[in-house]
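Since the structure comes first, as structure tokens, the remarks are kept for the end.
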Amino acid sequence: MIELENVAYSYGGGALLSDISLKLAPGSFHFLTGPSGAGKTTLLKLCYGALLPTSGDVTLFADDLRGLERDDIAMLRRRMGVVHQDCQFLNHLSVTENIALPLRVSGRHAEAAGDDLTELMAWVGLTHRADALPPELSGGERQRAALARAVIMSPDVILADEPTGNVDWEMSQRLLRLLVELNKMGKTVLVATHDLSLIRAAKSQVQARVLRIANQRVQLAGADL
Amino acid sequence: MSITRKDLRRIVLGDRQADRVVPPTGFTAQLTLFAAGAMAFLAVFAMALSLASGRLAARWGDELARSSTIRIVAPLDQRAAQTEAALRILETTAGVAFARALSDEEQQDLLAPWFGADLDLQTLPVPRLIEVIEEDSGFDAAGLRLRLAAEVPGAVLDDHSRWRAPLVQAANRLKLLGWLSAGLLGLTIAAMITLAANAALAANAQVIAVLRLVGATDRYIAQAFIRRFTLRAFGGAVVGSVLAMTAVLLLPAASDTGGFLTGLGFQGWHWFLPFTIPVLAGAVAFLATGAAAGRALKRLA
């Protein structure tokens with residue numbers, strides 16, 4: 001699905017990531033962890049084509065990232081669900097419309113997905129907030145809305161960047177359960193988090209592999225977590 | 001970004017869904033409307049000026065080129081005889097289609113604006129005027145002058161070219177200036193729309209980032225902006241043009257006494273021309289916003 005080969009990335013000054021090789025197989029569940037500033041967000045951005053690697057190759061759905069036009073990347077994004085660290089919405093549209101936004105921009109009518117949308121809203125527990133505007137939502141509600149928006153196109157891959165960053169423990173458990181459920185439905189999941197207790201909690205629910213960024217490289221962390 | 005029929009259809013019929021994706025703006029939208037309207041208003045006047053100057057140049061060039069005047073300046077008792085002699089010479093001059101002396105009444109009419117209608121011409125040594133209409137081939141002015149000098153000492157030939165040429169030139173320059181102004185107004189609309197579109201794109205950077213993230217193509221994002229600005233420029237220009245055309249319509253009608261100034265306006269099929277201004281403004285806005293959006297979107301991941 002997503003393959004990184006000898007990828008390096010540097011921001012102006014020095015190298016942030018170097019010599020990274022990574023392969024996300026369909027249906028796998030990965031955690032990406034590491035200290036703040038280690039490059040978790042950068043690695044995720046490389047995975048959804050928001051950044052081009054300084055060197056090495058990124059292959060998304062068997063396409064080389066370098067050969068893709070802007071519109072090709074837009075089409076790829078429809079097959080990936082991305083949950084941002086600071087989930088951004090269109091603040092003038094209601095929660096429902098925001099969740100249905102991927103349908104809208106891909107030319108499908110939100111009405112056609114009516115039942116799915118209702119079901120999805122119920123699944124993330126936002127039915128009662130359907131008509132609210134994003135700025136009125138709490139941190140947890142925003143994260144759940146972002147997750148719902150990420151999965152409405154039924155993507156093959158879900159990339160989540162600190163989805164539990166701004167929510168309490170109970171809410172992060174709930175979000176984790178949603179991600180695990182998605183994985184059980186066959187989606188490939190990659191979650192970047194620095195929250196080790198979340199990873200521990202996940203281990204009992206799903207067979208998750210943990211990738212750790214340290215010294216600019218990605219290592220497979222042991223079972224000792 | 002090339003214009004396809006699909007784009008045009010979307011611009012005209014609209015995609016309300018795509019439209020709502022960009023947050024509505026109140027004040028700046030009104031400014032764009034106002035500026036487009038004002039530009040269109042001025043463009044209609046520039047157009048009217050150009051067309052009127054063009055008509056004036058054509059009339060002066062055409063009518064005056066084919067007529068000349070002979071003045072008979074002679075003592076009152078010899079005036080009639082010299083007039084007769086001049087007319088006889090004109091009859092035998094090649095290239096003269098028609099020549100006739102103006103009657104006292106006609107001369108009185110010509111002088112009335114300056115001396116009043118009660119003037120008795122018999123008491124003044126007013127020269128007799130002879131109107132000469134040329135054939136298309138024209139006549140030999142120098143030869144005619146020599147013959148007149150020999151036989152009619154009081155005759156002075158004025159073939160109008162001396163004062164006609166600078167007038168025609170001035171009118172043609174005015175026409176050029178008018179079209180230049182209309183062109184500049186068009187470019188100003190383009191510049192203004194580009195500025196407004198850039199501001200809107202910058203103000204909505206977050207919206208664009210969200211749309212990119214959920215898989216919107218550049219075309220989809222640009223469309224929402226292009227449609228807005230095209231419709232605003234078109235709408236503003238329609239209002240501005242209609243107001244300007246009403247104003248032109250209310251100008252006093254062209255008349256002989258008013259001369260050039262009252263001729264400002266549109267005649268015949270020229271009334272159709274102002275209607276092209278809103279369409280042009282819309283097209284300019286479409287292209288300007290498309291270019292601005294293209295540039296802005298390329299900078300985003």
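Proteins come first, then strands; the chains are lettered A, B, ... in the order of their sequence lines, and each starts at number 1.
In this structure, the portion of A:I73 lying under 4.5 Å from any heavy atom of chain B is its side chain and not its backbone. For A:F89, the part lying under 4.5 angstrom from a heavy atom of chain B is the backbone only. Within the 4.5 angstrom heavy-atom criterion, atoms from both the backbone and the side chain of B:V207 approach chain A. Only the side chain of A:R149 comes within contact range of chain B, judged by heavy atoms closer than 4.5 Å.
In this structure, a donor-acceptor pair under 3.5 Å is present between the side chains of A:T41 and A:D161. A donor atom on one side chain and an acceptor atom on the other are not found under 3.5 Å apart for A:S55 and A:Y9. At a cut-off of 3.5 Å, with distance as the only test, a side-chain donor of A:S18 or A:Q216 sits close to an acceptor on the other residue.
Of the residues considered (B:L213, B:N204, B:L211), B:L213 shows the highest number of contacts with chain A, using heavy-atom pairs under 4.5 Å. Per-residue heavy-atom pair counts under 4.5 Å with chain B were compared for A:L93, A:L76, A:N98, A:D72, and the maximum is reached by A:L93.
Annotation: side chain of A:L22 is in contact with side chain of A:L211 (closest heavy-atom distance under 4.5 Å).
At a threshold of 4.0 Å, the pair A:E97-A:R104 counts as salt-bridged, since one of the basic side-chain nitrogens sits closer than that to a carboxylate oxygen.
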